[in-house]
Amino acid sequence: MFRKIAAAAAASALFVIAAPVSAQQKWDMPTGYPASNFHTENIHQFAAEVDKSTGGKLKITVHDSGSLFKANEIKRAVQGGQAQIGEIIISGHSNEDAMYGVDSIPFLATSYGDSQKLWQASRQATEARLAKQGMKVLYAVAWPPQGIFSAKPINSAADLKGAKWRAYNPNTSRIAQLVGAQPVTVQAAELTQALATGAVNTFMTSAATGFDGKVWEQVKYYYDVSAWLPKNLVIVSQKAFDGLDKSSQEALLKAAATAETRGWKVSAEKNSWYIEQMKKNGMTVDAGSPQLKADLKKVGDTMIADWAKQAGADGQAVLDAYRK
Ligand code: PCA
């Protein structure tokens with residue numbers, strides 16, 4: 001009897017010692033956007049590469065469309081360890097820290113090149129904040145440029161007064177306030193529903209999200225003003241990352257770097273295709289009148305000044321690095 005117990009104890013001790021080396025890790029990855037979205041497709045490619053390059057040691061299961069956690073809850077889920085890895089829209093969290101909202105200020109960075117520059121200028125500060133919260137940034141990818149979708153024609157900001165304005169982050173709510181619209185926060189996964197019920201009729205987003213939500217069924221006008229390019233970040237819990245062996249960590253970082261390059265490229269390449277789909281489905285696509293653009297530029301100027309105040313010295317350093 002004693003021998004049996006001793007043998008079992010020895011075996012389980014061996015198992016415990018051996019476990020970290022051979023163990024397969026299974027991670028859940030909540031994301032907020034649909035399977036067909038280019039960010040989600042990029043994430044699936046990333047997960048497949050990680051599987052391959054770790055020899056199957058790290059399996060990432062992607063839960064898209066806010067099915068595991070709603071888009072705005074994913075950051076907290078990764079922070080709290082309910083999910084090991086996740087995708088977030090960083091500007092969704094600018095109420096926590098102004099730094100998170102720098103990519104969503106109208107007319108600060110309006111092209112892919114400038115957005116990339118702004119990301120390089122703000123990456124360290126963003127990573128440091130997330131690190132303090134126990135999270136590591138794996139990669140970031142920009143959404144296509146943000147334009148205005150509206151059920152009725154818009155010629156100037158005055159036409160936006162009283163609109164039921166869908167917001168997806170604090171900055172888009174702030175724009176609504178500044179133009180006299182009524183902001184309602186709606187995550188992308190619920191946009192189609194919110195339009196169908198009439199809860200919202202106007203919003204700013206990319207043609208990518210316009211396409212995902214088939215918004216042309218309710219909304220007929222798209223003003224391609226290219227006001228900013230918000231970013232999605234793929235973040236991992238530092239604790240989960242530290243639980244990987246060295247070679248898996250390296251494989252994960254390598255796949256992340258590849259996904260970042262690929263994501264920015266696909267975002268830019270697909271943008272014109274998305275806009276084509278708006279037209280094909282009967283939407284009027286317009287660059288926006290000079291008055292509308294001038295009005296929005298004023299909104300942007302106010303928001304850049306507010307942001308600089310809120311983000312303090314760190315914010316000024318980011319703006320200086322960006323403008324250099
Ligand atoms: N689509 C997301 C965020 C930015 C974008 O282009 C959305 O509308 O929720």
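Since we're looking at a predicted model, the values are computed, not measured. For ligands, and for the atoms within them, numbers begin at 1 and follow the listed sequence.
- Near Gln146, meaning under 4.0 Å from one of its heavy atoms, ligand 1 places the atoms 4 (C), 5 (C), 6 (O).
- Among protein heavy atoms, the minimum distance from atom 5 (C) of ligand 1 is reached at Thr205 OG1, 3.0 Å.
- The neighbour count for Lys70 NZ, taken as heavy atoms of other residues, nucleotides or ligands under 6.0 Å away, does not exceed 12.
- Seen from the ring of Phe241, Lys136 counts as a face-on cation partner, given the 6.0 Å and 45° thresholds.
- Atoms of ligand 1 lying under 4.0 Å from any heavy atom of Pro230, numbered from 1 in the order shown and given with element: 4 (C).
- With a 4.0 Å cut-off on non-hydrogen atoms, Ser206 touches ligand 1 through its backbone as well as its side chain.
- Nearest protein neighbour of atom 3 (C) of ligand 1, counting heavy atoms only, is Ile89 CD1, 3.5 Å.
- Within the 4.5 Å cutoff, no side-chain heavy atoms of Lys59 are placed close to those of Trp27.
- Summary of contacts: the protein heavy atom closest to atom 2 (C) of ligand 1 is Thr209 OG1, 3.5 Å.
- Closest to atom 9 (O) of ligand 1 among all protein heavy atoms lies Arg166 NH2, 2.8 Å.
- Between Trp143 and the choices Thr205, Asn271, Asp103, Asn232, the side chain to side chain donor-acceptor pair (under 3.5 Å) rule is met once, by Asn232.
- Here Phe38 and Tyr33 keep their ring centres 6.0 angstrom or further from each other.
- Side-chain contact between Phe149 and Met204 is absent, with no heavy atoms from C-beta onward closer than 4.5 Å.
- Close contacts between ligand 1 and Ala188 involve ligand atoms 9 (O) [criterion: under 4.0 Å to a heavy atom].
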